[in-house]
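Each remark here refers to the structure printed beneath this line.
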Amino acid sequence: MLKSWPWLRSALDHGTRQQVTRLGLLFTLTCVLVSLAAFVSANNLLFLILALLLATWMVSGFIGRLSLAGLELDFVLPEHLCAGRKLMGRVVIRNTKRWMASFSIHVAGSSDSGLSHPLYFPVIPGGARIEAPVELFFARRGAYRQNSFRFSTRFPFGFVERRINVRLVRDIIVYPSIDPQPGFEELLISLQGEIASFYRGQGNDFYRIRPYEALESAHHVDWKATAHTGDLQVREFAREREQAVAFFLDLEIPAAEAVWFESAVERCAFLAWNLSQRGSRIRFCTQDVDWQLPEEADVYTILKYLAIVSPRLGRPLAAMRDRNVFQIVFSASPERLAEAGWELGGSNMRLLTPATELQNSELKIHAGAGALPGS
């Protein structure tokens, strides 16, 4: 009997918006047995019991359908949503039936709806509007325009689970994750060192002599002070302007590098967010846009663009000629950039490609192997 249950349940559920439960199956078998006994024995009491069972089944179906009828769903979402981060929102359910309440309502969402866990409402009074906090989680960036949800109930007797699918049509933009992924914080720290080293000495007025810091260029080392103290010392000049960082995201990506492109988008979002929070001026460029922050856009404009960006072919990425701005370039084809006039070997540039990411991974593997006991 238990082995045949999945097949029978699938057959009963095919093409309908209801699913017979185990209790409903037992109730159905009871009705069949009572009807057979009533017709065989011609006992009036059995006919009365059969009529009561059938009436109970019909009333259960009618009340269950009424409980699901007239329900409306909406969400109150935070202004900014990031992938990979749990956020709190509010679900709003309204019962448009003024004369009847809805009982034992379950609300569940599809995998792309952002609803992490199903919700349960014991009763929704007629004409009432109920709000409840809800945890939202979106696994990936993008634009979510049609989110599927499902109302279901087993009220009143649990014989059948009735379901109604609803589609919430609204535009939800989910930014790329700005939380640190493996290797992101190391990349940010190294870039901060390179940026600080590049902008030191951009002014003409001598500021001070100070100890050398890691990742700094040796161009400004003061050898006399170094010989006097025995430690590396560098000359620092007054900075004439605040640090500016230009991001270049190359959208011409071959199909084989689609996974790397998603990683590049996440790294670009992470770096742009953190550097902007530290007060750096940002310029963001692709084949489509060229924005200056904060004059023409803000960091949320960049995140919104990165939420829906996709690879594009056939358009070159324009090179930047300003040597006084530190550049962070994401590209899967550095050879093509060099042909377009990019100077990829400058001290004011960090080039991030699939090859450099592979090299960093191999270095981490070798470093981990060298740290093993007995090596």
Side-chain angles (χ1 to χ4, degrees), residues 82-84 139-143 173-192 194-195 198 245-276 282-291 293 299 301-323 325-366:
C82 292
R140 57 181 178 83
R141 68 181 179 94
I173 302 298
V174 179
Y175 303 151
S177 175
I178 58 175
D179 296 322
Q181 306 295 324
F184 282 22
E185 290 185 323
E186 292 83 352
L187 176 62
L188 175 62
I189 293 172
S190 65
L191 282 172
Q192 285 179 325
E194 293 181 20
I195 294 170
F198 172 73
V245 181
F247 287 88
F248 292 86
L249 178 63
D250 189 3
L251 302 183
E252 188 163 346
I253 305 295
E257 301 294 347
V259 176
W260 177 85
F261 179 77
E262 289 298 319
S263 175
V265 169
E266 289 190 351
R267 281 181 291 170
C268 187
F270 174 77
L271 294 174
W273 171 262
N274 282 276
L275 291 177
S276 66
I282 302 294
R283 180 183 177 186
F284 179 78
C285 303
T286 68
Q287 281 90 334
D288 297 328
V289 300
D290 187 350
W291 292 322
L293 274 65
V299 68
T301 306
I302 295 178
L303 293 177
K304 185 176 181 179
Y305 175 82
L306 292 175
I308 58 177
V309 70
S310 59
R312 295 185 58 183
L313 301 177
R315 294 182 59 186
L317 184 63
M320 184 176 184
R321 305 302 179 184
D322 190 353
R323 297 178 180 271
V325 175
F326 192 87
Q327 305 172 38
I328 303 175
V329 182
F330 297 87
S331 177
S333 305
E335 300 83 4
R336 182 172 46 80
L337 293 183
E339 294 175 357
W342 284 77
E343 298 179 5
L344 302 180
S347 62
N348 66 328
M349 177 182 294
R350 169 68 80 92
L351 179 62
L352 300 173
T353 68
T356 58
E357 185 173 345
L358 180 60
Q359 291 175 359
N360 292 334
S361 300
E362 292 177 349
L363 289 175
K364 289 180 180 179
I365 293 175
H366 291 315

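What's counted below: heavy atoms across the whole structure, side chains too, no hydrogens, waters or symmetry copies.
Residues Leu303 and Ile178 meet the side-chain proximity criterion, which asks for heavy atoms closer than 4.5 Å. Contact check for Leu293 versus Val299: side-chain heavy atoms found under the 4.5 Å cut-off. Between Val245 and Leu271 the shortest side-chain heavy-atom distance does not fall below 4.5 Å. Taking the side chain as every heavy atom from C-beta outward, Phe247 and Leu275 approach each other to under 4.5 Å.
Summarising the geometry, atom SG belonging to Cys268 is positioned 9.5 Å from atom CG belonging to Leu352; distances are rounded to the nearest 0.5 Å. Taken from OG1 in Thr353 to CH2 in Trp260, the straight-line distance is 7.0 Å, to the nearest 0.5 Å.
Across all their heavy atoms, Gly84 and Asp179 have their closest contact at O-OD2, 4.1 Å. Contact record, Arg141 with Phe261: NH2-CE2, 4.0 Å, taken as the closest heavy-atom pair. For the residue pair Phe270 and Leu188, the shortest heavy atom distance occurs at CE2-CB, 4.0 Å. Smallest separation of non-hydrogen atoms from Gln287 and Leu251: OE1-N, 3.0 Å. Minimum heavy-atom separation, Phe248 to Gln327: CE1-OE1, 3.9 Å. Taking each heavy atom of Met349 and Phe326 in turn, the nearest pair found is N-CE1, 4.1 Å.
Here the side chain of Glu257 pairs no donor or acceptor atom with the backbone of Ala332 at under 3.5 angstrom. Between the side chain of Arg336 and the backbone N or O of Glu252, at least one donor-acceptor pair lies under 3.5 Å.
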| How far apart are the C-alpha atoms of Arg267 and Leu187, what are their side-chain angles, what is the distance that settles it, and do they pass the side-chain contact (heavy atoms from CB on, under 4.5 Å) test? | CA-CA 9 Å; Arg267 281 181 291 170; Leu187 176 62; 4.0 Å; yes
| task | Would you sort out whether Phe284 and Thr301 count as a side-chain contact (heavy atoms from CB on, under 4.5 Å), showing the intermediate values? | result | CA-CA 10 Å; Phe284 179 78; Thr301 306; over 6 Å; no
| request: Determine, stepwise, if the pair Val309 / Asp288 fulfils side-chain contact (heavy atoms from CB on, under 4.5 Å). | output: CA-CA 10 Å; Val309 70; Asp288 297 328; 5.5 Å; no
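Comment: Arg140 does not engage Glu262 in a salt bridge, judged by the lack of any side-chain N to carboxylate O separation of less than 4.0 angstrom.
Crowding of Gln181 atom CD: a count of heavy atoms from other residues, nucleotides or ligands under 6.0 Å exceeding 12.
Here the rule is side chain to side chain contact (heavy atoms under 4.5 Å, CB included) with Asp250, and of Pro311, Ser331, Cys285 only Ser331 fits it.
Between Trp291 and Tyr305, the angle of the ring planes goes over 60°, which puts this pair in the perpendicular group of the 30/60° scheme.
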